[in-house]
There are 2 protein chains.
Amino acid sequence: MKRLKATITYDGYGFAGYQVQPNARTVQLELERVLTKMHKGSTVRVVASGRTDAGVHATGQVIHFDTDLQFPIDRWQRALNVQLPGDIRVLSVEEVSTDFHARYGTSGKVYRYKWGLGDVESPFKRHYVVYMPGTKPDIQRMREAAQTFLGTHDFTSFCSARTEVVDRVRTITRLDLLETEQDELHMVIEGDGFLYNMVRIIAGNLWEVGIGRREPGDIAQMLAAMDRKKAGKTAPAHGLYLESVFYNE
Amino acid sequence: MKRLKATITYDGYGFAGYQVQPNARTVQLELERVLTKMHKGSTVRVVASGRTDAGVHATGQVIHFDTDLQFPIDRWQRALNVQLPGDIRVLSVEEVSTDFHARYGTSGKVYRYKWGLGDVESPFKRHYVVYMPGTKPDIQRMREAAQTFLGTHDFTSFCSARTEVVDRVRTITRLDLLETEQDELHMVIEGDGFLYNMVRIIAGNLWEVGIGRREPGDIAQMLAAMDRKKAGKTAPAHGLYLESVFYNE
């Protein structure tokens, strides 16, 4: 028995999220279906670095699974891609130690959030980039507010009220706002871990600062309140991408 | 009664092409449905610069229609976009002379064809960029072959055998092959007019030259043959974009 680590990308539009749930098409379901078929029907369980919500995309999600197939490691990527649907692609596969764990072993993640700045929503990007017609953000104000998130904070105000995790202290090591040549604004955020909805709530609040609905200085008060109701809206799912996952060692 | 010219963009994935046909969702159908509704049920006919096939996209298709609505010209774009489905967007609307004709008045068009050069098809581009896994084109060879198309030629070998148009002489004024930062190869072609499937057959043959299946010098022989069977494959529809349409005056 050996353990394989795979980096995958998926278009979240056609999925009810990453994690298996009844009567829904999910990324995990498709991965396990293909792997179970390759293993002649014996169930293969896939562990991901974390779940992503319905509509959320990934360009660098990491998973692991165990296999006893005698299959050269350099054939795995192609074998999986031949059988997977086109909205999931395997980018790389490597053998790892059996104590590697895609979820518990993470040391950090990078997410990207994409807004469209054009006046008209592109029909090609409607499931991939968030347009807010009639609003123009002040990106300098957003950058000023973003500084407040850097470092170690209790993010209770910036996670779903349904979050069950008790320890809401997380460290943000990077939070950039980048204007792209495609007339988009990207928020790139890196941290040691993220709570449920945390990236989308941070994005939603930075946007509200950008359009003048809140002041850059409000962020510090929201963090201090440790109350989800003190922070603004959660940004839509379809602008969010899980971009990379880091592991110790 | 006044005539309006509109520039529109659409994601061809969800359409059975531009032109109305029985029991199919088409771009023209959606446009006429919205306009007819705006005109309280009296049918509005839309004329486009030309049809596009199922799966083909547009970033600058031009249409015209006539209206007697007393509606300020600067409200039209937004009024249409509010009612149209998200895979069609109106980019601009202007009033034109009643002798403007979106189809018969064209003096030239630009099309773009997109190939992906990465090893793995991006799940986000699978309906928008053509991937040919396992092949790497020699772009210099494609550029050499492309030169042969420039100028005025009879394109009988490079249009569908079902083409009913008798005069197959067209002039190509630009044919560039551009590598993009997104690891794509784009063919940009400009001419005074294009026959049915002409851009996709040119793209398909340039690709065959690129991967060594044909020689750059073969193009001249194909043109001279005036026989569709002497040229190679038609490239897939989903890589093609109608980018701009030009009019005299």
Side-chain angles (χ1 to χ4, degrees), chain A residues 6-15 27 30-31 52 55-61 74 76-82 84-93 112 114 116 118-131 133-134 180-184 236 238-243, chain B residues 6-15 27 30-31 52 55-61 74 76-82 84-93 112 114 116 118-131 133-134 180-184 236 238-243:
Chain A
T7 302
I8 66 173
T9 175
Y10 47 84
D11 171 355
Y13 175 65
F15 295 106
V27 177
E30 296 287 357
L31 291 167
T52 52
V56 173
H57 314 290
T59 53
Q61 170 71 290
D74 59 347
W76 269 98
Q77 185 200 2
R78 198 174 146 72
L80 288 166
N81 281 337
V82 164
L84 283 165
D87 47 0
I88 306 175
R89 291 290 92 182
V90 175
L91 298 171
S92 63
V93 180
R112 184 176 293 255
K114 300 185 181 180
D119 289 329
V120 178
E121 181 182 67
S122 163
F124 303 101
K125 297 181 181 177
R126 68 198 193 284
H127 305 307
Y128 307 111
V129 174
V130 170
Y131 284 80
T180 78
E181 288 183 9
Q182 288 75 40
D183 209 17
E184 295 172 8
H238 70 277
L240 184 60
Y241 295 72
L242 171 55
E243 190 163 283
Chain B
T7 303
I8 65 172
T9 175
Y10 47 84
D11 171 355
Y13 175 65
F15 295 106
V27 178
E30 296 287 357
L31 292 167
T52 51
V56 173
H57 315 289
T59 53
Q61 169 72 288
D74 59 350
W76 270 98
Q77 184 200 2
R78 197 174 146 72
L80 288 166
N81 281 338
V82 164
L84 283 166
D87 48 358
I88 306 175
R89 292 290 91 182
V90 175
L91 298 171
S92 64
V93 180
R112 184 176 292 255
K114 300 184 181 181
D119 289 329
V120 178
E121 180 181 66
S122 163
F124 303 100
K125 298 181 180 176
R126 66 197 195 283
H127 306 307
Y128 307 112
V129 174
V130 170
Y131 284 80
T180 78
E181 289 184 8
Q182 289 76 41
D183 208 18
E184 295 172 8
H238 70 277
L240 184 60
Y241 295 72
L242 172 56
E243 189 163 286

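Labels below follow one simple rule: chain letters A, B, ... track the order of the sequence lines, proteins then strands, and each chain is numbered from 1. Please read these numbers as outputs of a predicted model, since none were measured by experiment.
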For A/Y131, which atoms come within 4.5 Å of any heavy atom of chain B: side chain, backbone, both, or neither?
neither

Is the count of non-hydrogen atoms from other residues, nucleotides or ligands lying under 6.0 Å from B/R78 atom CZ greater than 12?
no

Point-to-point distance, once rounded to the nearest 0.5 Å, from CZ of B/R89 to NZ of A/K125
14.5 Å

Under 4.5 Å heavy-atom distance to chain B, tell me which part of A/Y10 shows up: side chain, backbone, both or neither.
backbone

Gap between atom CG of A/D119 and atom CD of B/Q77 - 0.5 Å precision
7.5 Å

Heavy atoms of A/T59 and B/F124 approach each other most closely as CG2-CE1, 3.9 Å

Identify which one of A/T9, A/N81, A/V90 satisfies the side-chain contact (heavy atoms from CB on, under 4.5 Å) criterion when paired with B/V120.
A/N81

